[in-house]
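Reviewing the structure listed below.
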Amino acid sequence: MAGLLSVVGTPIGNLEDASPRVIRTLGEADLVLCEDTRVTGRLLSALGVRTRLERCDENVMGEKIERALARLAAGERVAFVSDAGMPGVSDPGQRLVDAALDAGERVEVVPGPSAVTCALVASGLASEHFFFEGFLPRRGGAQRARLEELAAVPGTLVVYESPRRVAETLANVAEVMGGRRVALVRELTKLHEEVVRGEAAELAELIAARDEVRGECVIVIAEPSADELAERRRAASGPGRTLDEEIAAGLAAGEPKSALAKRLAKAFGLPRAEVYDAVVAAAR
């Protein structure tokens, strides 16, 4: 029989989130690769599953990949799990999946909870477009620099953070993106799950005032407004012509009004109708 690598999503808190397929897949595996055998051992015991466990975290992933590929080539079923959530998302398991696919081995994904999508939905912020950052740099200067880069992303931002550093990170978010709405989502699917929302500066002060923050934290930052995005893009591009100057130049060159409005709306990050009205007014 052909081997099979199963990438299995596991509960991020509530054990009832382990689907029957998750339990069956783990029980049928010849080997379960995991970040921490103690953590996964407790999970399997709670699920009533007995199978062989082997550590496969970031530190040993390189040496374990070849062994896993050999097992797959021999027709074995290998399951891979992280300590919690969906493996391969901000997780070294991506390297194992990549290697298995390159080797022509079968790979299946057994869906499970993900803190990224759970936090995004729980935040109540727009989710049509979002960007998952994972963990930000720890040092303040490097973190603020990265936040400046992320501030120009035209979508909601999702960031993981330690409870020990979450207050400081929120303060940096407030410094870089002060007008944005932000949600702190904590202890997802657990007894003390919490969602706290507010403007960045307000939320930073609220969390800083707490004696202690516990549990895994996810910070969700609202997407920039059209005005903010346009301003950031103008600042990033350095000194240049204003919208009115660009309109005048386009009209002087004989560019059709609708095409000019479409081009400049995209360049300045503004609504097309608003730019078109400005073009028509300038053409009178």
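Worth knowing before you read on, the calculation uses all heavy atoms, side chains too, and leaves out hydrogens, waters and symmetry mates.
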**OP:** For Glu148 and Arg144, run salt bridge (Lys or Arg N to Asp or Glu O under 4.0 Å): C-alpha distance rounded to whole Å, both residues' side-chain angles, the deciding distance at 0.1 Å, then the answer.
**Re:** CA-CA 6 Å; Glu148 288 284 0; Arg144 285 189 292 275; over 6 Å; no

**OP:** Give the intermediate values and the outcome of side-chain contact (heavy atoms from CB on, under 4.5 Å) for residues Arg272 and Val275.
**Re:** CA-CA 5 Å; Arg272 184 176 174 181; Val275 178; 5.9 Å; no

**OP:** Applying side-chain contact (heavy atoms from CB on, under 4.5 Å), run through Asp227 and Leu270 and close with a yes or a no.
**Re:** CA-CA 7 Å; Asp227 288 344; Leu270 296 172; 4.0 Å; yes

Original post:
What's the verdict on side-chain contact (heavy atoms from CB on, under 4.5 Å) for Ile219 and Leu136, showing C-alpha distance, side-chain angles and the deciding distance?
Top reply: CA-CA 11 Å; Ile219 299 172; Leu136 291 163; over 6 Å; no

**OP:** Test side chain to side chain donor-acceptor pair (under 3.5 Å) on Glu35 and Thr40 and set out the steps.
**Re:** CA-CA 8 Å; Glu35 287 186 80; Thr40 302; over 6 Å; no

Original post:
Are Val158 and Val218 close enough, and set up right, to give a side-chain contact (heavy atoms from CB on, under 4.5 Å), and what steps lead you there?
Top reply: CA-CA 7 Å; Val158 183; Val218 185; 3.6 Å; yes

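Atom CE of Met177 and atom CD of Glu175 lie 11.0 Å apart (nearest 0.5 Å). Between the CZ atom of Arg77 and the CZ atom of Arg71 there is a distance of 15.0 Å, given to the nearest 0.5 Å. Taking CG of Leu26 as the start and OG of Ser6 as the end, the distance is 8.5 Å to the nearest 0.5 Å. Note that CD of Glu216 is 7.5 Å distant from OG of Ser162, once rounded to the nearest 0.5 Å. Rounding to the nearest 0.5 Å gives a distance of 8.0 Å between CG of Leu243 and CD of Glu274. The line from CD of Glu28 to CG of Leu4 is 9.5 Å long, rounded to the nearest 0.5 Å.
Residues Val195 and Ala122 approach most closely at CG1-O, 3.7 Å, considering heavy atoms. Of all heavy-atom pairs between Pro224 and Val153, the closest is CD-O, 3.3 Å. The two residues Glu202 and Gly198 come nearest to each other via the heavy atoms OE1-CA, 3.7 Å. Shown here for Ala84 and Pro11, the closest heavy-atom pair between the two residues is CB-O, 3.4 Å. The two residues Leu229 and Pro154 make their nearest non-hydrogen contact at CD2-CB, 3.9 Å. Nearest heavy atoms, Val166 versus Cys217: CG2-CB, 4.2 Å.
Salt-bridge formation is not detected for the pair Arg210/Glu212: no Lys NZ or Arg NE/NH1/NH2 atom is positioned less than 4.0 Å from an Asp or Glu carboxylate oxygen. We find that Arg146 and Glu149 are joined by a salt bridge, their nearest charged nitrogen and carboxylate oxygen being less than 4.0 Å apart. Residues Arg180 and Glu223 are not paired through a salt bridge, judged by the lack of any N-O separation under 4.0 Å between the basic side chain and the carboxylate. In summary, Glu193 and Arg186 do not engage in a salt bridge, as defined by a charged side-chain N under 4.0 Å from a carboxylate O.
Every residue was checked against the side chain to side chain contact (heavy atoms under 4.5 Å, CB included) condition with Glu205, not counting sequence neighbours, and none meets it. Remark: Ala171 engages no residue in a side chain to side chain contact (heavy atoms under 4.5 Å, CB included) (not counting sequence neighbours). The salt bridge (Lys or Arg N to Asp or Glu O under 4.0 Å) check on Glu161 picks up Arg165, with sequence neighbours excluded. Listed by chain and number, the residues in a salt bridge (Lys or Arg N to Asp or Glu O under 4.0 Å) with Arg95 amount to none (sequence neighbours excluded). Remark: Ala200 engages Val173, Ala174, Val182 in a side chain to side chain contact (heavy atoms under 4.5 Å, CB included) (not counting sequence neighbours). Every residue was checked against the salt bridge (Lys or Arg N to Asp or Glu O under 4.0 Å) condition with Arg197, not counting sequence neighbours, and none meets it. Among residues two or more places apart in sequence or in another chain, the side chain to side chain contact (heavy atoms under 4.5 Å, CB included) test is passed with Glu63 by Val60, Arg67.
Counting heavy atoms of neighbouring residues, nucleotides and ligands inside a 6.0 Å radius, atom CD of Glu58 does not exceed 12 of them. Shown here is Arg164, whose CZ atom has no more than 12 heavy atoms of other residues, nucleotides or ligands within 6.0 Å.
Contact check for Lys64 versus Cys56: side-chain heavy atoms found under the 4.5 Å cut-off. In this structure the side chain of Leu203 reaches within 4.5 angstrom of the side chain of Leu184, judged on heavy atoms. With a 4.5 Å cut-off on side-chain heavy atoms, Leu120 and Thr156 count as touching. Put simply, the side chain of Arg181 reaches to within 4.5 Å of the side chain of Leu125, judged on heavy atoms. Counting heavy atoms from C-beta outward, Leu96 and Leu5 have side chains that approach closer than 4.5 Å. Looking at heavy atoms from C-beta onward, Glu194 lies in side-chain contact with Val196 at the 4.5 angstrom threshold. The shortest side-chain heavy-atom distance between Asp91 and Val89 does not fall under the 4.5 Å cut-off.
Criterion: ILVMFWY side-chain heavy atoms under 4.5 Å apart, direct or through other members. Under it, Val32 and Val22 are part of a common hydrophobic cluster. Cluster membership for Leu15 and Leu44, using ILVMFWY side-chain heavy atoms within less than 4.5 angstrom, is shared. Follow the hydrophobic side-chain contacts under 4.5 Å out from Val39 and you never reach Ile12; the two are in separate clusters. Linking Ile, Leu, Val, Met, Phe, Trp and Tyr whenever their side-chain heavy atoms come within less than 4.5 Å puts Met86 and Val116 in one cluster.
Among residues at least two apart or in separate chains, there is no ring pair (Phe, Tyr, Trp, His ring centres under 6.0 Å) pair with a member in residues 53-110. Listed by first and then second residue, the ring pair (Phe, Tyr, Trp, His ring centres under 6.0 Å) pairs involving residues 146-187 are Phe132-Tyr160, Phe135-Tyr160 (not counting sequence neighbours). Residue pairs meeting the salt bridge (charged side-chain N to carboxylate O under 4.0 Å, His left out) criterion with at least one partner in residues 111-123, sequence neighbours excluded, are absent. Among pairs with a residue in residues 10-23, those fulfilling salt bridge (charged side-chain N to carboxylate O under 4.0 Å, His left out) read Arg21-Glu108, at least two apart in sequence or across chains.
Thr189 places a side-chain N or O within 3.5 Å of a backbone atom of Asn14 that can act as its donor or acceptor partner. A donor-acceptor pair is defined here as one N or O able to donate and one able to accept, closer than 3.5 Å; such a pair exists between the side chain of Thr51 and the backbone of Ala29. At least one donor-acceptor pair under 3.5 Å links the side chain of Glu245 to the backbone N or O of Thr242.
Looking only at atom types and distance, the side chain of Thr169 has a donor-acceptor partner in the side chain of Gln143 under 3.5 Å away.
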Tell me which donor-acceptor pairs under 3.5 Å the side chains of residues 249-265 have, and how far apart each pair is, sequence neighbours excluded?
unit_1 : atom_1 : unit_2 : atom_2 : d
Glu255 : OE1    : Arg263 : NH2    : 3.0
Glu255 : OE2    : Arg263 : NE     : 3.2

